[in-house]
Amino acid sequence: MLQSKSDTNGRTAKQRSLIQKLGKELLVFDGAMGSMLHLKGILPGELPEVCNITHPDWIADIHATYLESGASCIITNTLGTNRYHFEDSKYSLEEIILAAVKNGREAIRREEERCAGEGLSKESFLFFNIGPIGRLLAPMGTLSFEDAYEAFKEQIDIVKDLVDGVLIETMSDTYEIKAAVLAVKENSDLPVFACMTFGENGRTLTGATPEVEVSLLEGLGVDCLGVNCSLGPKELVPVVEAVLAAAKIPVIVEPNAGLPVYENNKTRYNVTVEEFAEYMKSFVLAGISCFGGCCGTTPEYIRRSCELISGSALNRREVPSTTCVTSGTQSVRIGERTVICGERLNPTGKKKLKEALLAHRLDDVFAEAISQEKAGAHVLDVNVGVPGINEAAMMVEVIRGLQEIIQLPLQIDSADPEVLEKACRIYNGKPLINSVNGKKEVMNAVFPIVKKYGGVVVALTLDESGIPESADKRMEIAGNIIDTAASFGIDKSDIIIDCLTLTVSAQQEGAEQTLEAVSRVRNDLNMNTVLGLSNISFGLPNRPLINRTFLTMALNAGLSMPIMNPLDADLMSTIDAYEVLSAKDKNSADYVLKHAGDSGLTASFQTATTSNQGKTEPQESAGEATIHSFVVSGRKERIAGAVRSELLSSDPMSIINNHLIPALNEVGKKYEQGILFLPQLILSAETAKIAFGELKEAISTSGNGRGKGPIVLATVEGDIHDIGKNIVKVILESYGYEVIDLGKDVPAAEIVKAFHTYHPQLIGLSALMTTTVVFMEKTIAALKQIPGVCPVIVGGAVLTPDVAAQIGADYYAKDAMETVGVAEKVISD
Ligand code: B1M
């Protein structure tokens, strides 16, 4: 797996020509296919990709018109040709994809003929278009990373020898785009262009920022990266600026023509040809290398943009090198503010963690990660090397679990290259890899992993002769590592040098040599440094004192990233003070925020009786181990136990009202504020569902009677929120009502049908979004057409008694208990 096919440089002359042009001359892509197919007369429900077979002439015509309008790159009509979209299709994936390629080639042939007729020479390129699979990847959905990879690989296997490049588009999940890029690079030599799509908040649906996208895709070695679709070109301006500020490789932008407006039975896009062209020109002047159009754009948009841009030279951007690692949502730049790497997920010297790993109590590991994140760590070291466990399997499991519940980038820490490889593959972001060293064998094993998966690697200044005593020798090893890395294509900005902390009680001169090496790496090599801290004080009394004094000296020498215990308040405060004194914390803003009101006593003095010399073992405070906190942080494995123990002293309804609903409200608020993202929202919802599952039994045993009703319940069309509706159902059942639950996202027609089938005495509708209240209104209107229909009750967070009345509902209930009150009234009447 380690070799990416592209490393073999087996590209065709056409592919090499494409790469030569990329970044030197403007490459113009085509515009939308879907809106053009509507103009051609595609029928409602007809799949655009199937038109490759049923209407090859349409597709070839559309491609040809784009080429004639100025595009030199066209993309196959294959956005959705993956095995999940075409499960039940009459045509095989291969038939559709081959037809799409044939149509593209036919258009290029016509364009060549046209140009030859006009005495022009023009080279056109055919890109295979890959879009999202249409299913969410785990942990948000059920599709595994490996299955996503296989679905992309299947497409690449068909086209690898037939096209000039691949354009991956409209991706909103970094994990999915990683699977797609790996599938292309491992199974073909094709040039890869990759785009993600961003929302109003400047993030992808799963919460990635432009910097996260750039770090990930550059690391994976794509040839060109960028942005497509999203909102309109105007809204994309800040995203494009952020991509251009971070990307060292060529950038592509393909906006849509704004959001669609449905008017007089027709869809119209609100960005005009002229506006679109103006934005494309400004993007080219700002430094993009390729442009095209997405939804709603037509050949006119491309033609006018080419006219306006004609004559503008590509802007050669100078992007400063940065050292950046990411999770799926957060990037951390190393070398600006001090980066704190949490050391506590490393079993060395931590008996409880070792036991937890051996007993497979991953819950303890995750609790430790959460407490380090809360304490202010920026990156977490993850090491699971305990004799007696399968380190590779455990590392993969722990990393998968951690990326579900925390947002910090991870440092994958192992001496075994196989473990590093497996972990880097499933890591969702640009990882920190710990470590390589000056030994030839280690460099040959680790650098290919760093290069392929695009990580930042920690380089230890030791080699076959061990750890050198002098700073001079450590610098020599650092130089050798940097040169060898370069021969693997790894830039020095993707290396952090570890000058190695020696135990001062055993080698007293060691600290000075380490600090000198740190200073020389920083000042002479202009590179970042990392040091594990706690080793320095081994064997001495009052270790925290030595640790924090060494930390201050190391920071002053130029240390970029201490690996340390973020739960040690004194160490953390030392960094806060250093950041002020070194003018990194501008206007002392962070310091004041954190330390206003401090007593001035050191934290270790305040907690002297309990600190145990800074050796805190994994533990969760009582405040953290609550139903509320488990829902907010998505701790699925802990929630059932917490609910069962709370049931010993509380009744189910008060658990719902006092713990679960406030927790979900907090999650909703944090989602709205952009603190949490969709993966966390989903995880919290799943955790809450497990809790409700536990409560359901307790509630139903308190039921008083059966057989009243029936009552039909449904969450309306367009809305998949069903937690509240399910509570209403359980409570009604516990009061003896027969409830027919139609589920979520239920169209009005189905609810009308259910009335005729079940003859309910009450129909209950739930909606949680402003956008779905209209469907609720439509459903009520449809029900009211039925003579003698039963009353309709509505509920859900967006509704109020006024809104309920406006949309024609008979009753409104603010919660499940009020629903029971209404049911009692309606049904006894
Ligand atoms: Co989403 N979501 N969500 N979400 N989600 C909200 C609703 C939101 C307010 C979050 C936010 O931005 N602050 C926001 C809606 C904004 C708006 O329109 N005003 C939102 C959004 C935008 C979205 C997505 C679009 C996100 C995205 O994809 N970018 C997406 C929508 C998908 C879709 O529906 N088409 C989405 C997805 C999801 C998850 C799948 C991740 C998950 C739902 C899982 C599930 O339900 N199976 C989810 C969750 C969990 C939430 C929040 C955080 C919690 C909702 C909840 O379960 N509350 C929510 C924020 C919030 O509400 N604080 C949010 C607890 C529940 C017990 O309360 O449902 O109100 P509730 O039910 C109460 C009462 O209202 C009443 O009784 C219940 C018990 O007391 N009640 C009735 C409910 N129905 C009743 C019917 C009755 C009577 C009473 O008579 C029949």
Side-chain angles (χ1 to χ4, degrees), residues 136 139-141 172-173 199-201 203-207 631-632 634 652-693 695 699 711-732 737 739-746 751 760 762-776 779-780 791-801 803-804 809-823 826:
L136 289 174
M140 282 178 293
S172 50
D173 180 359
E200 240 169 332
N201 59 358
R203 293 191 181 246
T204 66
L205 182 68
T206 56
V631 171
V632 173
M653 279 318 289
S654 68
I655 296 178
I656 290 176
N657 291 329
N658 301 334
H659 299 278
L660 291 173
I661 294 181
L664 283 168
N665 282 341
E666 183 179 332
V667 173
K669 208 173 276 164
K670 285 186 165 161
Y671 174 78
E672 204 168 65
Q673 292 164 346
I675 299 169
L676 294 182
F677 304 97
L678 195 59
Q680 290 84 35
L681 189 67
I682 291 178
L683 208 62
S684 291
E686 285 172 357
T687 311
K689 277 199 153 183
I690 296 172
F692 288 123
L695 293 171
I699 294 171
I711 298 173
V712 162
L713 279 188
T715 300
V716 298
E717 184 172 353
D719 204 318
I720 60 164
H721 296 88
D722 65 355
I723 295 177
K725 181 215 63 184
N726 292 345
I727 296 179
V728 173
K729 176 185 175 201
V730 171
I731 301 294
L732 283 171
Y737 290 96
V739 178
I740 292 140
D741 182 3
L742 303 180
K744 56 195 172 186
D745 189 13
V746 185
I751 299 170
L762 184 65
I763 294 178
L765 303 178
S766 181
L768 268 261
M769 300 200 295
T770 20
T771 45
T772 52
V773 174
V774 285
F775 291 106
M776 190 175 246
T779 307
I780 296 171
V792 178
I793 177 170
V794 294
V798 273
L799 291 160
T800 60
V803 175
D810 301 295
Y811 296 97
Y812 161 80
K814 90 170 172 352
D815 57 26
M817 286 314 295
E818 272 194 25
T819 317
V820 173
V822 172
V826 170

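Counting convention: from 1, in listed order, for ligands and their atoms alike. Numbers for residues simply follow the sequence, beginning at 1. Just so we're clear, the structure is a prediction, and the values are computed from it rather than from any experiment.
At least one heavy atom of Lys814 lies less than 4.0 angstrom from ligand 1. Using a 4.0 Å heavy-atom cutoff, Lys689 is listed among the residues neighbouring ligand 1.
The environment of Gln673 atom CD is dense: over 12 non-hydrogen atoms of other residues, nucleotides or ligands sit within 6.0 angstrom.
When each of Val826, Val794, Val792 is paired with Tyr811, the side-chain contact (heavy atoms from CB on, under 4.5 Å) condition holds for Val826 and for no other.
Using a 4.0 Å cut-off between heavy atoms, Val728 contacts ligand 1 through its side chain alone, with no backbone atom that close. With a heavy-atom cut-off of 4.0 Å, Asp745 does not touch ligand 1 at all. Counting heavy atoms under 4.0 Å from ligand 1, residue Ile656 does not touch it at all. Residue Ile727 touches ligand 1 through its side chain alone, judged by heavy-atom distances below 4.0 Å. Under 4.0 angstrom from ligand 1, the non-hydrogen atoms of Leu713 all belong to its side chain. Contacts between Ile723 and ligand 1, counted as non-hydrogen atom pairs separated by less than 4.0 Å, involve both the backbone and the side chain.
Residue contact check: Ile720 has heavy atoms under 4.0 Å from atoms 32 (C), 33 (C), 34 (O), 40 (C), 45 (C), 46 (O), 47 (N) of ligand 1. Atoms of ligand 1 lying under 4.0 Å from at least one heavy atom of Ala685, given by number and element, are 42 (C), 44 (C), 50 (C). Those atoms of ligand 1 that come under 4.0 Å of a heavy atom in Gly764, given as number and element, are 91 (C).
Heavy-atom proximity to atom 12 (O) of ligand 1, evaluated over Phe692, Phe677, Tyr671, Tyr811, is greatest for Tyr671. Between the choices Met769, His721, Met817, the shortest heavy-atom distance to atom 4 (N) of ligand 1 belongs to His721. Nearest residue to atom 47 (N) of ligand 1 from Asn657, Leu664, Asp722 is Asp722 (criterion: closest heavy atom).
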